[in-house]
Amino acid sequence: MILLRPITDDFSNEAKHIFASKRKLKEFRVKHGSPFAQRYLYGSDWRLNVTMSDIAGNDSPALEVEEKEAADFYPAGPPYIATAKDMHNIVIKWTEFVTKVFEEFPYLMAEMHAYSIAAAHLKLP
């Protein structure tokens with residue numbers, strides 16, 4: 001990974017975005033309840049490559065994420081930027097889900113799919 005500029009918590013200047021997106025961000029700054037990550041182009045595959053109820057449970061909010069929202073707000077990878085509290089909560093679920101995801105989807109993107117499921121489970125797009 002090559003970083004072209006310093007990591008920041010402010011993403012309000014769209015002129016500095018490398019990948020132009022038509023999605024409308026709900027927030028432009030990292031704050032509690034609003035983590036950011038590099039957008040990856042695996043869309044909503046994180047929902048389709050595994051049995052979500054087996055990974056996150058039958059009552060998981062991740063099951064309620066619509067396909068467009070899944071593709072627009074959850075396909076994430078490093079660098080991940082969040083408040084300590086949000087990242088702690090994500091990591092707890094991420095580590096719980098990653099081995100289950102890998103059992104069903106034993107490929108390179110398994111850990112990133114698990115991150116997406118954890119973030120969706122916690123309603124942290």
Side-chain angles (χ1 to χ4, degrees):
M1 173 185 303
I2 298 172
L3 298 176
L4 300 176
R5 49 182 67 88
I7 294 176
T8 180
D9 68 344
D10 184 355
F11 299 93
S12 59
N13 185 348
E14 290 188 25
K16 292 186 177 184
H17 295 185
I18 294 172
F19 177 75
S21 175
K22 294 182 187 205
R23 68 186 181 150
K24 295 295 180 197
L25 295 177
K26 297 174 184 176
E27 297 289 339
F28 292 96
R29 292 190 73 105
V30 175
K31 63 181 184 179
H32 181 65
S34 180
F36 277 74
Q38 173 65 39
R39 183 172 187 207
Y40 281 70
L41 297 178
Y42 59 85
S44 62
D45 289 355
W46 61 271
R47 296 176 345 136
L48 307 174
N49 290 328
V50 296
T51 308
M52 291 290 292
S53 58
D54 290 348
I55 305 299
N58 291 325
D59 59 346
S60 173
L63 296 170
E64 300 170 12
V65 177
E66 300 285 332
E67 185 171 353
K68 182 165 178 22
E69 183 183 7
D72 284 349
F73 296 102
Y74 290 101
Y80 303 102
I81 308 169
T83 63
K85 182 177 180 181
D86 282 347
M87 187 54 79
H88 174 79
N89 291 335
I90 291 169
V91 168
I92 295 297
K93 288 298 176 185
W94 190 4
T95 57
E96 177 185 331
F97 298 159
V98 73
T99 53
K100 296 176 188 177
V101 171
F102 191 76
E103 287 173 7
E104 290 190 34
F105 185 72
Y107 302 101
L108 184 62
M109 302 292 280
E111 84 288 347
M112 292 168 70
H113 285 25
Y115 174 91
S116 296
I117 295 167
H121 179 79
L122 297 168
K123 299 181 181 181
L124 292 171

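This one's a predicted model, so the numbers in the text were calculated from it and none came from an experiment. We use all heavy atoms of the structure for the numbers below, so side chains are in, but hydrogens, waters and symmetry mates are not.
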Shortest non-hydrogen contact between Y80 and A37, atoms and distance: CD2-CB, 3.6 Å
Check whether any side-chain heavy atom of P78 lies under 4.5 Å from a side-chain heavy atom of Q38, and answer yes or no. no
Less than 4.0 Å between a side-chain N and a carboxylate O, is that true for K93 and E96? yes
Test side chain to side chain contact (heavy atoms under 4.5 Å, CB included) applied to L63 and R47, step by step: CA-CA 8 Å; L63 296 170; R47 296 176 345 136; over 6 Å; no
Say whether V91 and F102 are linked into one hydrophobic cluster, either directly or through other cluster members, by side-chain heavy-atom distances under 4.5 angstrom. no
Residue pair H88 / T83, side-chain heavy-atom distance below 4.5 Å: no
Tell me whether E104 at atom CD has more than 12 heavy atoms from other residues, nucleotides or ligands lying less than 6.0 Å away. yes
Closest heavy-atom pair, P35 versus G33, reported as atoms and distance to 0.1 Å, is CD-C, 3.7 Å
For residues 108-124, run the donor-acceptor check on the side chains, cut-off 3.5 Å, and write out each pair with its distance to 0.1 Å, sequence neighbours left out.
residue, atom, partner, partner atom, Å
H113, ND1, M109, O, 3.3
H113, NE2, N49, ND2, 3.2
S116, OG, Y42, OH, 2.7
S116, OG, Y74, O, 2.5
S116, OG, M112, O, 3.3
H121, ND1, S60, OG, 2.6

When rounded to the nearest 0.5 angstrom, what distance separates CZ in F73 from CD in E66? 13.0 Å
Under 4.5 Å between side-chain heavy atoms, counting indirect links through other Ile/Leu/Val/Met/Phe/Trp/Tyr residues: same cluster for F105 and M52 or not? yes
Hey, quick one: are L48 and Y107 part of the same hydrophobic cluster, counting side-chain heavy atoms closer than 4.5 Å, chains of contacts allowed? no
Sub-6.0 Å ring centroid separation between F97 and W46: no
I would like to know whether D54 and K100 meet side chain to side chain contact (heavy atoms under 4.5 Å, CB included); could you show each step before the answer? CA-CA 8 Å; D54 290 348; K100 296 176 188 177; over 6 Å; no
